[in-house]
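Note that the structure is predicted; figures quoted are calculated from it, not measured. By convention here, the first residue in the shown sequence is residue 1. Order of listing sets the numbers, starting from 1, for every ligand and every atom in it.
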Amino acid sequence: MTTTPVVELTDVRRTYRSGDTTTRALDGVSLSFAAATFTAVMGPSGSGKSTLLQCAAGLDRADAGRVRLAGQELGALREPRLTVIRRQHTGFVFQAYNLIDALTVEQNVLLPQRLCGVRPDRAWAREVLAKVGLAGREDARPAQLSGGQRQRVALARALAGRPAVIFADEPTGALDLQSGREVLALLRSVVDEYATAVIMVTHDPAAAAWADRAVILADGRIVRDLPEPTAELIATEMMAVTK
Ligand SMILES: Nc1ncnc2c1ncn2[C@@H]1O[C@H](COP(=O)(O)OP(=O)(O)OP(=O)(O)O)[C@@H](O)[C@H]1O
């Protein structure tokens, strides 16, 4: 069975210029991500992981190459349309949760729908909150929750729009081991139960081992693409590229 990739990058390049300095953050990256797959993006600091995520999500524009998201080529789109595509098809989870403290848990989850002008689906919000283990905490404020619980609210918010792909940038970076594992197990079950694609940047080989695939970047290029990676294999390969 062949399926159209949810996200596809073809020979993507992204260069940053500041003053006389030019940095090739992405230097010819081609990758595709299918539905119901969990990919970890790894690599040394400065290797281009966040840039890859931003370009794949349409938050940053490639200088050259093609990015397709949910069947649409992003390079051809102007900002308002790009925003619509992003809101319709993507969800985001960040290391710092990015919740709004003045809103309740449920209001945070429904915020992207309100911003889209879509009628908020409270029943679905409650379902995704139950999915992440927060049934009964709908009226709490983020400040009343632990870091792990806040990240689970962020995941519920990402799920609320029924995205084809969730981009997660170091989602366990600020969490203790146990809370981090809970978030990773949830990402895994979202992939398996909802057929969402998850693309997660992480520095942690143990976190990456929850994925179906680990892609390792160095100097803006893909240097490893490992199927069914174990933490040991990832750690070994990371050492090899960091040398
Ligand atoms: N806005 C920017 N302006 C100038 N240079 C940038 C900008 N964003 C990223 N870079 C540079 O591009 C390269 C790749 O950065 P990127 O943040 O994608 O790497 P990363 O692998 O995510 O790093 P880290 O693991 O430290 O977060 C780095 O050399 C970085 O300094």
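Put simply, the side chain of T172 never gets that close to the backbone of L175: no donor and acceptor are under 3.5 Å apart. The backbone N or O of V132 lies less than 3.5 Å from a partner atom in the side chain of R152, making a donor-acceptor pair. With Q149 contributing its side chain and S146 its backbone, the two residues share a donor-acceptor pair below 3.5 Å.
Residue G43 places no heavy atom under 4.0 Å from ligand 1. Remark: distances from the non-hydrogen atoms of P44 to ligand 1 include one below 4.0 Å. Remark: distances from the non-hydrogen atoms of H203 to ligand 1 include one below 4.0 Å.
Residue A25 has at least one heavy-atom neighbour below 4.0 Å for each of these atoms of ligand 1: 12 (O), 13 (C), 14 (C).
Closest protein heavy atom to atom 16 (P) of ligand 1: T51 OG1, 3.7 Å. Annotation: atom 21 (O) of ligand 1 to nearest protein heavy atom, K49 NZ, 2.8 Å. Among protein heavy atoms, atom 9 (C) of ligand 1 sits closest to Y16 CE1, 3.3 Å. In terms of protein heavy-atom proximity, atom 28 (C) of ligand 1 is nearest to G46 O, 3.7 Å. Protein heavy atom closest to atom 26 (O) of ligand 1, with residue, atom name and distance, is S45 OG, 2.6 Å.
Remark: R213 qualifies as a cation-pi partner of F33 under the 6.0 Å distance and 45° angle criteria applied to the six-membered ring.
Proximity of S18 to ligand 1, defined as any heavy-atom pair under 4.0 Å, is not found for any part of the residue. Counting heavy atoms closer than 4.0 Å to ligand 1, residue T23 contributes side-chain atoms (C-beta onward) but none from N, CA, C or O.
With a 6.0 Å radius and a threshold of 12 heavy atoms from other residues, nucleotides or ligands, D121 has its CG atom above the threshold. Other residues, nucleotides and ligands contribute over 12 non-hydrogen atoms within 6.0 Å of the CZ atom of R68.
With rounding to the nearest 0.5 Å, the separation of CG in D225 from CD in E237 is 11.5 Å.
Atom 31 (O) of ligand 1 is not flagged as protein-proximal [any protein heavy atom, distance under 4.0 Å].
Inter-residue side-chain proximity for Q107 and L111 is flagged as unmet; no heavy-atom pair is nearer than 4.5 Å.
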Task: Pair Y97-N108, side-chain hydrogen bond (donor to acceptor under 3.5 Å, both in side chains): steps then yes or no - done: CA-CA 11 Å; Y97 325 127; N108 267 283; over 6 Å; no
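Counting heavy atoms only, S50 comes closest to atom 22 (O) of ligand 1 of the residues S50, G48, G173.
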